Q: 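Mind having a look at this structure? Questions to follow.
Letters go in sequence order (proteins before strands), and every chain restarts at 1. Since this is a predicted model, take the numbers as computed values, not measurements.
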Amino acid sequence: MKKETVQLDKVYKPNEIEDRLYLKWMSNSYFRGDENSEKEAYTIVIPPPNVTGMLTMGHVLNNTMQDILIRKARMEGKEALWVPGTDHASIATETKVVNMLAEKGIDKDSLSREEFLGHAWEWKNKYGGIIINQLQKLGCSCDWERERFTMDEGYHNAVLEAFVHLYNKGLIYRGHRLVNWCPASKSAISDEEVKHREVKGKLWYFKYPVLDTDEFVIVATTRPETMLGDTAVAINPKDLRYKKLIGKKIELPLTDRIIPIILDDYVDPEFGTGCVKVTPAHDPNDYEMGKKHNLEFINIMNDDASLNDNVPEEYRGLDREVARQKVLHDLEQLNLIEKIEDYTNKVGYSERGGVPIEYYMSEQWFLKMKELAQPAIKAVNDGTINFHPGHWVKTFNHWMDNVTDWCLSRQLWWGHRIPVYTCQDCNEIIVQSQEPAKCLKCGSVKLKQDPDVLDTWASSWLWPFAVFTWPKKSKELEKFYPTDTLITGPDIIFFWVARMIMAGYEFLGQPPFKDVYFTSILRDDKGRKFSKSLGNSPDPFDLFARYGTDAVRFGIMLMAPQGLDVLFSNERLEVGRNFMNKLWNAARFVTMNLTDEKYQEIDFKDVDLELPEKWIMNRLQTTIEEINQRLDKFHFNEAAKVIYEFVWSDYCDWYIEVAKTRFIEQKAELANTARAVAVHVLKKTLALLHPFAPFITEELWGYFKDQEDKDLIISHWPKVEPKFGDKQSVEQMNMLKDVISAIRTIRSSMNVSPASTADMIINHEGKNLSVLQRYERIIRTLCNIDEISYEKNIAKPDQAAVAVVRDMEIFIPLGGLVDLQVEKKRFLKRHGELSNIVKNVQAKLNNQDFLERAPENVVQKEKLKLDDLVKELAKITSNLEMLK
RNA sequence: GGGCGCUUAGCUCAGCUGGUCAGAGCGCUGCCCUUACAAGGCAGAGGCCACAAGUUCAAGUCUUGUAGCGCCCACCA
């Protein structure tokens, strides 16, 4: 046993212990999840951060929560496995690599696919490990031997197998369609990757000449340059104003095209002029109308959103913005602009590229979603999968009920290349995960693989099982799938969560997880979302260095309520730091007082404990219970609060203060019992706090653990011991605390120096006498009281300050120090409060309905309350009388 | 246009299943360097729980409206 007197530093210095402990955990393989274990499994798969990403405060929040769940499960004796890894993040990484190359003066277009991928892998190998190291700094107890990357060999195979499976099932098809196009990355993107922003712009009204007349049709647009691709003008068939236009044609300005006027109910006669220019190749609505009316589809853009050869020569090659100005200028010259209005509309932006998207006709691969969605919808709505907080179910349902086909292909190089091969000789299409040697139909070896790669999410949606051996069956997969809990941000509920659920059912027939916890969104103290462009996102490592990792973890847990945004500020981390320091010093105090080793022989569980010990043990049981309840519901902030208050308010403010009187007690047995209890409670506290603050708790554990104790990380999670559930001790201790506080209040309000002692008289009614007498010493020490005498039915002595505590009066003779005005003020305030409450309770008890309908125990409680209150009020009143 | 959420002390926010829930931290006031901790201790001031109806014996706590704020989704040129 380690009982030599150890002196802890006065101030907790987190940075000296963290790395050492992490290495110790690692070298003992404590993080390992063993698929051969008999223990019940508890599994989490990490939401894989982008491989080239850096740790953000969002990651800190998210991964601390996962670590809490994993560490708790491990301590509860489960086979805990947290699978870590990173995501190749196709478009995001490719963008970064392109930028990196550009800085070096290398143009992506000048490279071959292989050359580019060489650079990309180099980049990945250089930066891919950073975030992994950062997660380790945070203390994450992931099984690093199982680290996966969404493009490593086995995973790549899983992605291709999934594609082939879905293709063979007829769910994947190729189509020439209007898709969201990101001109920056020159790729299609999915609907979910488009973010709409309000943009202040203009609404331009153009005059289109009606063929063979002198008349004009007025159409409005926010995108003047698209007029070069117009192939019709539409009006509502019910719009009588334009009856005469039916059957007429338009001379499209700036071009030599004659375009028809069509009728369609889509047009809202109330909006604008009631006439709409139709650009089928560049607008989703116009696309639909184009198909319906068999219009011409004229693609007027290149893949970078400059204008192509389908427009008149003078516009070719111009960027869309430049083209817009030129179109406006040219129309102006022709006097074809009717008017210009200010207009605010929502413009779709590419999430990654950061530029307005185009709607662009192109050949893409799509996945039919309706069918896949069904089992997922069912699971989330029947409680097979539970969302926390539950209101996200509605968001999920809304999307799922309206789910559209998923555009899977991306015109990028970094990613999983689509496993579709076309025979150059006979046009046979071959879809398989292994590259075919020759055409299955004609035997030709001239096969060409589809150049596109898959959307990142088409690989990460397999994450919960592809991190194991899927599609191969194995013990691991069996043991650890389905996983238990997913913790992620609500911003990727569609991108990832919904799709993982679909994939889980489609490929394994089982849900990928049982609970999904959606974290808060972190904002700065002004309420702005953390973002790179604003530069308002703090660097977690600065914070770790400044406050200690445990403090950051604990602080952020404390401030992260369920389902709401959280305003983050460094100040709030100070709470965490202060708490760690408090804990450190409590432990320090205890070690300093372990002077008599005999305490180790005391089995306090068998002796009849004294009140303060009974009380703190009772509080410990309640605390264990509450932490369990809160964590079961994923209320991390409340669990943190519970442990915080127990440590600070119960253990430090009261028990340790009481224990001080014990340690200097003459009777060694009493002191040693107190030592034993102090150590016991502290050890349980360390265990309860370990998931939140793993470093400091493991470190302190080292000072208190017995020989048979394992390291804290694999020690037992505290169990509630009903033996210590003595409720009476709480009642009695609260009385004692009230007496002590009342005396302190008197001393403080009368400006009695803390250094000077005073005497006191307790005027009691017998009820609390034995407890008071027995623990007199505690009162004397904590209040600096010299003599205490106990009386019944005595009047207030002269020149004494008075406090009323329950059915007792406490008199403290202070001679000239008593300030009657202060005394009076205090009593008046209390009198006011009490009479209000008494009035309310009396009214309640006089209410016939209340007596009849409220449950018996509630009525009883009110009666008892009234009794106590009336007694207190009477004493206050009589004291006030005397002060007159 | 639809959906969701928020409105509780000066500030930032907790309050699970309706009956000691009116709370915490920071800030503020006073006193203390009391031999674990000044990143601390003790004591104190401060709120008709956004507003209005309703349900109930009982409502920050449930229902419905109103007003502000925020977010998500949606093709209005």
Q: What integer number of Å spans the P atoms of B/A59 and B/A74?
A: 43 Å

Q: Ignoring backbone atoms, test whether A/Ser741 places a side-chain nitrogen or oxygen under 4.0 Å from the OP1 or OP2 oxygen of B/A43.
A: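 So the side-chain polar atoms of A/Ser741 do come within 4.0 Å of the phosphate oxygens OP1 or OP2 of B/A43, strictly under.
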
Q: Out of B/A77, B/C75, B/A39, which has the shortest distance to the side chain of A/Val267?
A: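 Output: B/A77.
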
Q: Heavy atoms only, 4.0 Å cut-off, all strands: where does A/Tyr266 land among base, sugar-phosphate and nothing?
A: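 The answer is base, as A/Tyr266 lies within the cut-off (heavy atoms under 4.0 Å) of a base atom.
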
Q: Is A/Pro855 touching bases, backbone alone, or none of the nucleic acid, heavy atoms closer than 4.0 Å?
A: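 Contact class for A/Pro855: base.
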
Q: In whole Å, what is the span from the CD atom of A/Glu198 to the C1' atom of B/C76?
A: 14 Å

Q: Would you mind reading off the distance between A/Asp191 atom CG and B/C73 atom C1', rounded to a whole angstrom?
A: 11 Å

Q: Starting from P on B/C37, measure out to CG on A/Asp9 and report it in whole angstrom.
A: 13 Å

Q: By nearest atom, which of the nucleotides B/G30, B/G15, B/C73 is closest to the A/Lys346 side chain?
A: B/C73

Q: Looking at A/Phe850, is A/Lys844 sitting on its ring face, NZ or CZ under 6.0 Å from the six-membered ring centre and within 45 degrees of the normal?
A: yes

Q: Check this for me, if you would: do A/Lys339 and A/Glu341 make a salt bridge, where the nitrogen-to-carboxylate-oxygen distance has to be below 4.0 angstrom?
A: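 The answer is yes: the pair qualifies as a salt bridge.
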
Q: Just to confirm, is there a sub-4.0 Å distance from OP1 or OP2 of B/A39 to any side-chain nitrogen or oxygen of A/Asn585?
A: no

Q: Using the rule side chain to side chain donor-acceptor pair (under 3.5 Å), only one of A/Arg630, A/Gln629, A/Lys633 pairs with A/Glu638; which is it?
A: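 Output: one option passes, namely A/Arg630.
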
Q: Just how far, in rounded Å, is P of B/U35 from CD1 of A/Ile656?
A: 15 Å

Q: Counting only side-chain nitrogens and oxygens, does A/Lys844 get under 4.0 Å of the OP1 or OP2 atom of B/G19?
A: no

Q: In this structure, how many angstroms lie between the P atom of B/G41 and the CZ atom of A/Arg747, rounded?
A: 19 Å

Q: Using the C1' atom on both, measure B/G70 against B/A58 and round to a whole Å.
A: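 Nearest-Å result for B/G70 against B/A58 at atom C1': 34 Å.
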
Q: Please map the stems of RNA chain B, keeping only stretches of three or more Watson-Crick or G-U wobble pairs with both distances under 3.5 angstrom.
A: B:1-7 with B:67-73, B:10-13 with B:23-26, B:28-32 with B:40-44, B:50-54 with B:62-66

Q: So does A/Lys641 get a side-chain nitrogen or oxygen closer than 4.0 Å to the phosphate oxygens (OP1/OP2) of B/A24?
A: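 Looking at the OP1 and OP2 atoms of B/A24, neither is under 4.0 Å from any side-chain N or O of A/Lys641.
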
Q: Applying a 4.0 Å non-hydrogen cut-off, can you work out what A/Arg744 is touching in the nucleic acid: base, sugar-phosphate, or nothing?
A: sugar-phosphate

Q: Taking the C1' atom in each of B/G60 and B/U8, what is the distance between them to the nearest angstrom?
A: 7 Å

Q: Under 3.5 Å, is there any donor-acceptor pair linking the side chain of A/Lys10 to the base of B/C37?
A: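 When only heavy-atom distances are counted, A/Lys10 does not reach the base of B/C37 through any donor-acceptor pair under 3.5 Å.
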
Q: Remember a base hit wins even if backbone is also touched, and classify A/Arg546 as base, sugar-phosphate or nothing at under 4.0 Å, heavy atoms.
A: nothing

Q: Cation over ring, A/Lys202 on A/Tyr343, under 6.0 Å and within 45°?
A: no

Q: Taking the six-membered ring for Trp and the single ring otherwise, decide whether the centroids of A/Phe636 and A/Tyr517 are under 6.0 Å apart.
A: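 Yes, close enough.
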
Q: From the set B/C73, B/A43, B/C37, return the single nucleotide nearest to any side-chain atom of A/Asn581.
A: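 Ranking B/C73, B/A43, B/C37 by closest atom to the A/Asn581 side chain puts B/C37 first.
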
Q: Would you indicate what A/Asn402 reaches in the nucleic acid, counting non-hydrogen atoms under 4.0 angstrom: base, sugar-phosphate, or nothing?
A: nothing

Q: Using atom P of each nucleotide, how far apart are B/C28 and B/C73 to the nearest Å?
A: 42 Å

Q: Crowded around A/Lys825 NZ? As in, over 12 foreign heavy atoms under 6.0 Å?
A: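 Counting other residues, nucleotides and ligands, NZ of A/Lys825 stays at 12 neighbours or fewer.
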
Q: Rounded to the nearest angstrom, tell me the gap between atom CG in A/Asn840 and atom P in B/A22.
A: 11 Å

Q: Which whole-number value in Å describes the distance from A/Lys277 NZ to B/C75 P?
A: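 So the two atoms are 18 Å apart, to the nearest Å.
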
Q: Compare the minimum distances between each of B/A77, B/A39, B/A43 and the side chain of A/Val276, then state the nucleotide with the smallest one.
A: B/A77

Q: Go through B/C32, B/G19, B/A45 for me and flag the one nearest to the A/Lys829 side chain.
A: B/A45

Q: Using OP1 and OP2 only, check whether a side-chain N or O of A/Tyr343 sits under 4.0 Å from B/A77.
A: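 Answer is yes, contact under 4.0 Å.
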
Q: Tell me: CD1 of A/Ile837 to P of B/U20, nearest whole Å?
A: 12 Å

Q: Does A/Cys275 reach a base, just sugar-phosphate, or nothing at all? Heavy atoms under 4.0 Å.
A: nothing

Q: With sequence neighbours excluded, what pairs up with A/Ala551 under the side chain to side chain contact (heavy atoms under 4.5 Å, CB included) test?
A: A/Tyr547, A/Arg577, A/Met580

Q: For nucleotides B/G25 and B/G44, find the distance between their P atoms and express it as a whole number of Å.
A: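 Approximately 14 Å lies between the P atom of B/G25 and that of B/G44.
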
Q: Less than 4.0 angstrom between a side-chain N/O of A/Trp648 and OP1 or OP2 of B/G41, yes or no?
A: yes

Q: Heavy atoms from C-beta onward define the side chain here; which of B/C73, B/C37, B/G5 lies closest to that of A/Glu657?
A: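 My answer, after comparing the listed nucleotides, is B/C37.
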
Q: Among B/G40, B/G15, B/G25, which is the nearest nucleotide to the side chain of A/Lys582?
A: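 Looking only at side-chain atoms, A/Lys582 lies closest to B/G40.
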
Q: Expressed as a whole number of Å, how far does the P atom of B/C51 sit from that of B/G10?
A: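 Rounded to whole Å, the distance is 14 Å.
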
Q: Taking only the side-chain heavy atoms of A/Ala586 (C-beta and beyond), determine which of B/G5, B/G46, B/A36 contains the nearest atom.
A: B/A36

Q: Mind telling me whether B/G60 is syn or anti, cutoff 90° either side of 0?
A: syn

Q: With a cut-off of less than 4.0 Å, is there a side-chain N or O of A/Thr395 near OP1 or OP2 of B/C73?
A: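 Answer is no, no contact under 4.0 Å.
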
Q: Would you mind telling me which residue lines up with the more 5' stretch of RNA chain B, A/Thr221 or A/Val11, judged by nearest nucleotide?
A: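 Its nucleotide being nearer the 5' end, the pick is A/Val11.
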
Q: Counting any heavy atom closer than 4.0 Å, what does A/Lys825 reach on the DNA or RNA strands: base, sugar-phosphate only, or nothing?
A: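 If one applies the 4.0 Å heavy-atom cut-off, A/Lys825 turns out to touch nothing in the nucleic acid.
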
Q: Name the nucleic acid region contacted by A/Asp268, choosing base, sugar-phosphate or nothing; use a 4.0 angstrom heavy-atom cut-off, strictly under.
A: base

Q: A/His196 has a side chain; which of B/G46, B/C13, B/A74 sits nearest to it?
A: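 So the nucleotide nearest the side chain must be B/A74.
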
Q: Write down the distance separating the P atoms in B/A22 and B/G3, rounded off to the nearest Å.
A: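 B/A22 and B/G3 have their P atoms separated by 37 Å.
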
Q: Could you check whether A/Asp9 pairs with A/Lys13 (Lys NZ or Arg NE/NH1/NH2 to Asp/Glu carboxylate O, under 4.0 Å)?
A: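 Counted as a salt bridge, because a side-chain N and a carboxylate O are separated by less than 4.0 Å.
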
Q: Expressed as a whole number of Å, how far does the C1' atom of B/G27 sit from that of B/A9?
A: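 Rounded to whole Å, the distance is 11 Å.
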
Q: On RNA chain B, nearest-nucleotide positions of A/Thr222 versus A/Lys865: which is more 5'?
A: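 Going by which nucleotide is closer to the 5' end, it is A/Lys865.
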
Q: If you only use heavy atoms from C-beta on, which nucleotide in B/A36, B/C76, B/C71 is closest to the side chain of A/Phe271?
A: B/C76

Q: Between A/Arg223 and A/Glu358, is there a salt bridge with N-O shorter than 4.0 Å?
A: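 A/Arg223 and A/Glu358: salt-bridged.
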
Q: Inspect the contact between A/Glu731 and A/Arg806 and indicate whether a charged nitrogen and a carboxylate oxygen are less than 4.0 angstrom apart.
A: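 The answer is yes: the pair qualifies as a salt bridge.
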
Q: Does A/Asn345 put a side-chain nitrogen or oxygen below 4.0 Å from OP1 or OP2 of B/A77?
A: yes

Q: Does a side-chain heavy-atom distance below 4.5 Å link A/Arg747 with A/Asn784?
A: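 Counting from C-beta outward, A/Arg747 and A/Asn784 do come under 4.5 Å.
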
Q: Looking at the base of B/A24, is there any donor atom on it, or on the side chain of A/Glu638, that sits under 3.5 Å from an acceptor on the other one?
A: no

Q: Evaluate whether atom CD of A/Glu571 has more than 12 neighbouring non-hydrogen atoms of other residues, nucleotides or ligands under 6.0 angstrom away.
A: no

